[in-house]
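To start, the structure under review is shown below, and the notes come after it.
Numbers here are sequence positions counted from 1.
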Amino acid sequence: MKIKFYGLITSAMKTKQPEKSLELLKEIEKSVGSEALKDARAFITGSGGTNIGRHIGAKFVQEVNAVSLAVEKFYPKTLSVIELGGQDAKIIVFKEDPETGKKKKIPSMNDKCAGGTGAVIDKINAKLKIPSEELCNMGYVGKRLHPVAGKCGVFAETDINGLQKSVFPLMN
């Protein structure tokens, strides 16, 4: 029997990667049984993936490759993907090669600055004292938007600090 299980450990889990990995593995074993896992293979990605993978026998896969493989398998008609990580942003464009007819992957990665990524969003969310479960459901339609630097986490945080003091002084 082949088993497919895809887990996600995110920065919203407050970076308790080893604990959350163990919790996820226990859930998998509970749901399918230890006998079904006898010939299972594990793959891991992301920051911390190499260290955790070493302890559980998982093979490390670079994030862009992991995202590309998953999208190609489960969403083959996808033209592009934008994935925001904890410290970087990845953009992958899938384009058909006119000569071969095969899909080409054109990856781009912003790893020089964390603006707009999970870590920055988490930090700003904490600063604004908005519970993360509320943040996911907040919309901006019909609300005034304030400019915040999108390419650099330090600049974004500086903009948020300024807005807190001038526009939202009661939130300090």
Side chain to side chain contact (heavy atoms under 4.5 Å, CB included) evaluation trace for I56 with L25: CA-CA 9 Å; I56 63 172; L25 291 169; 3.7 Å; yes

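- Ionic pairing of K20 and E23 is present here: one or more N-O contacts between side-chain nitrogen and carboxylate oxygen are shorter than 4.0 angstrom.
- Looking at K38 and E35, a side-chain N of the basic residue comes within less than 4.0 Å of a carboxylate O on the acidic one, giving a salt bridge.
- L37 has its side chain within reach of V32: a pair of non-hydrogen atoms, C-beta onward, lies under 4.5 Å apart.
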Side chain to side chain contact (heavy atoms under 4.5 Å, CB included) assessment of F94 paired with I106: CA-CA 6 Å; F94 297 92; I106 305 165; over 6 Å; no

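- Nearest heavy atom pair, residue S34 against residue E29, reads CB-OE2, 3.2 Å.
- Put simply, L79 and V67 are part of two different groups of oily side chains (I, L, V, M, F, W, Y) that touch within less than 4.5 Å, one to the next.
- Pairing each heavy atom of S21 with each of I52, the nearest pair is OG-CD1, 3.6 Å.
- Residue I92 comes nearest to S68 through the heavy atom pair CD1-OG, 3.5 Å, listed as atom of the first residue, atom of the second, then distance.
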From CA spacing to verdict: side chain to side chain contact (heavy atoms under 4.5 Å, CB included), D97, K103: CA-CA 6 Å; D97 184 334; K103 244 186 199 180; over 6 Å; no

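- Here NZ of K59 is found 16.0 Å from CZ of R54. Values are rounded to the nearest 0.5 Å.
- Residues F60 and L24 share a single hydrophobic cluster, defined by chaining ILVMFWY side chains whose heavy atoms lie under 4.5 Å apart.
- Hydrophobic clustering, with ILVMFWY side chains joined whenever heavy atoms are under 4.5 angstrom apart, keeps V64 apart from L69.
- Side-chain atoms of T45 come within 3.5 Å of backbone atoms of E63 as a donor-acceptor pair (strictly under, hydrogens ignored).
- The shortest heavy-atom contact between I44 and A58 is CG2-CB, 4.0 Å.
- Contact between F43 and V61 at its shortest, heavy atoms only, is CD2-CG2, 3.7 Å.
- Formation of a donor-acceptor pair under 3.5 Å by the T100 side chain with backbone atoms of K102 is found in this model.
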Stepwise side chain to side chain contact (heavy atoms under 4.5 Å, CB included) test for K105 and E72: CA-CA 10 Å; K105 292 177 278 256; E72 286 176 318; 3.4 Å; yes

